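Here is the structure we will look at.
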Amino acid sequence: MAYQTLLFDIDDTLLNFQAAEKQALEGLFKELKLPLDRKIYDFYHAENLALWQQFELGKISKPKLLVKRFTTLFAHLGITTGIDGQQMEQRYRYYLGQGHEPMPQAPEVLNDLSQKHDLYVVTNGVAKTQQKRLSEATLTASLLTCLFLN
């Protein structure tokens with residue numbers, strides 16, 4: 001029995017989230033005129049991943065996660081004044097929305113599967129950001145229906 005409906009996650013399935021995350025953090029740090037090296041990026045990436053795991057377990061809300069990752073990062077860097085976690089989240093999200101590099105072969109796979117299946121994307125990411133990334137990646141044009149789990 002073949003499946004008629006196929007669900008795809010966006011991040012690191014259809015779009016390269018690792019590249020988008022790095023690009024967004026680089027943009028934020030450039031805007032703040034702060035240096036960003038591999039150690040800082042690795043700290044942010046690990047902290048962000050841990051917070052998303054807490055979210056998936058119901059231990060933290062998404063709004064708190066989105067702000068805490070930046071308050072934690074800047075506290076780790078010793079920057080405790082002049083940093084607003086909510087504002088950093090908004091600026092980061094602006095840069096993240098620009099990251100729309102498809103995963104290798106994603107467009108071809110979607111095109112092939114769309115011939116015989118109904119394709120949907122689902123995400124626990126921020127809907128507005130994900131919609132922007134998908135539309136700029138041109139993966140959605142009549143191939144995918146979007147379901148956002150916010």
Side-chain angles (χ1 to χ4, degrees), residues 3 5-111 113 117 119-140 143-150:
Y3 292 103
T5 301
L6 302 177
L7 306 177
F8 293 88
D9 186 30
I10 296 172
D11 292 328
D12 291 332
T13 303
L14 299 179
L15 299 181
N16 186 335
F17 182 77
Q18 303 307 312
E21 177 185 66
K22 187 172 187 286
Q23 172 188 310
L25 207 56
E26 287 171 350
L28 177 64
F29 271 62
K30 184 176 180 181
E31 179 180 318
L32 296 171
K33 296 179 175 67
L34 293 173
L36 176 64
D37 61 24
R38 185 71 195 183
K39 288 173 83 173
I40 295 169
Y41 174 77
D42 288 347
F43 177 86
Y44 170 80
H45 180 75
E47 180 66 22
N48 189 45
L49 183 61
L51 288 168
W52 277 102
Q53 289 170 344
Q54 288 180 27
F55 170 73
E56 290 170 1
L57 294 172
K59 294 182 177 181
I60 189 172
S61 70
K62 188 183 293 184
K64 186 172 182 178
L65 173 163
L66 297 175
V67 171
K68 185 174 181 181
R69 60 188 176 177
F70 291 104
T71 56
T72 302
L73 171 62
F74 288 105
H76 173 75
L77 297 175
I79 304 171
T80 55
T81 58
I83 294 295
D84 177 324
Q86 181 65 44
Q87 183 182 27
M88 294 301 105
E89 164 60 24
Q90 290 171 354
R91 296 308 302 150
Y92 171 82
R93 185 137 320 276
Y94 166 77
Y95 293 113
L96 187 64
Q98 297 174 16
H100 54 266
E101 175 186 327
M103 293 299 287
Q105 280 77 52
E108 295 85 358
V109 168
L110 291 175
N111 189 48
L113 291 173
H117 303 279
L119 307 181
Y120 293 84
V121 295
V122 293
T123 183
N124 63 357
V126 176
K128 184 177 178 181
T129 304
Q130 298 292 50
Q131 288 171 325
K132 183 177 187 320
R133 293 176 67 221
L134 279 173
S135 67
E136 289 182 5
T138 64
L139 293 176
T140 57
L143 295 181
L144 298 165
T145 301
C146 300
L147 303 171
F148 296 98
L149 307 174
N150 284 335

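Bear in mind that the values here come from a model prediction, so they are computed numbers and not experimental data. When reading the values below, keep in mind they use all heavy atoms of this one structure, side chains included, and skip hydrogens, waters and symmetry mates.
- Of all the heavy atoms in Met88 and Ile83, the pair that sits closest is CG-CG2, 3.9 Å.
- In this structure, a donor-acceptor pair under 3.5 Å is absent between the side chains of Arg93 and Gln90.
- When side chains are defined from C-beta on, Val126 counts as touching Leu66, because their heavy atoms get closer than 4.5 Å.
- Within the 4.5 Å cutoff, the side chain of Leu34 has heavy atoms near those of the Ile79 side chain.
- Aromatic ring orientation, Tyr41 versus His45: parallel (interplanar angle below 30°, classes split at 30° and 60°).
- Minimum heavy-atom separation, Gln86 to Asp84: N-OD1, 2.8 Å.
- At least one side-chain heavy atom of Leu113 sits less than 4.5 Å from a side-chain heavy atom of Phe8.
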**Asked** Phe29 and Tyr44: ring pair (Phe, Tyr, Trp, His ring centres under 6.0 Å), yes or no, with the steps?
**Response** CA-CA 12 Å; Phe29 271 62; Tyr44 170 80; 8.6 Å; no
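- For the pair Glu89 and Arg69, the salt-bridge criterion is met [side-chain N within less than 4.0 Å of a carboxylate O].
- Evaluation of the side-chain contact (heavy atoms from CB on, under 4.5 Å) rule for Met103 yields Asp12, Asn16, Ala106 as partners, not counting sequence neighbours.
- Thr72 has its side chain within reach of Phe43: a pair of non-hydrogen atoms, C-beta onward, lies under 4.5 Å apart.
- The two residues Ala20 and Arg133 make their nearest non-hydrogen contact at CB-NH2, 3.8 Å.
- Using a 4.5 Å cut-off on side-chain heavy atoms (C-beta onward), Tyr92 and Leu73 make no contact.
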**Request:** Could you give me the CA-CA distance, side-chain angles and deciding distance for Trp52 and Asp11, then say whether side-chain contact (heavy atoms from CB on, under 4.5 Å) is met?
**Result:** CA-CA 13 Å; Trp52 277 102; Asp11 292 328; over 6 Å; no
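- The side chain to side chain donor-acceptor pair (under 3.5 Å) search around Glu26 returns Lys22, not counting sequence neighbours.
- Taking every heavy atom of both residues into account, Glu101 and Ala19 meet most closely at OE1-CB, 3.7 Å.
- How far CG of Leu110 is from OG1 of Thr13: 10.5 Å, rounded to the nearest 0.5 Å.
- Residues Glu21 and Asn48 meet the side-chain proximity criterion, which asks for heavy atoms closer than 4.5 Å.
- Smallest separation of non-hydrogen atoms from Thr80 and Ala75: CG2-CA, 4.4 Å.
- Considering every non-hydrogen atom in both Ile40 and Leu77, the closest pair reads CG1-CD2, 3.7 Å.
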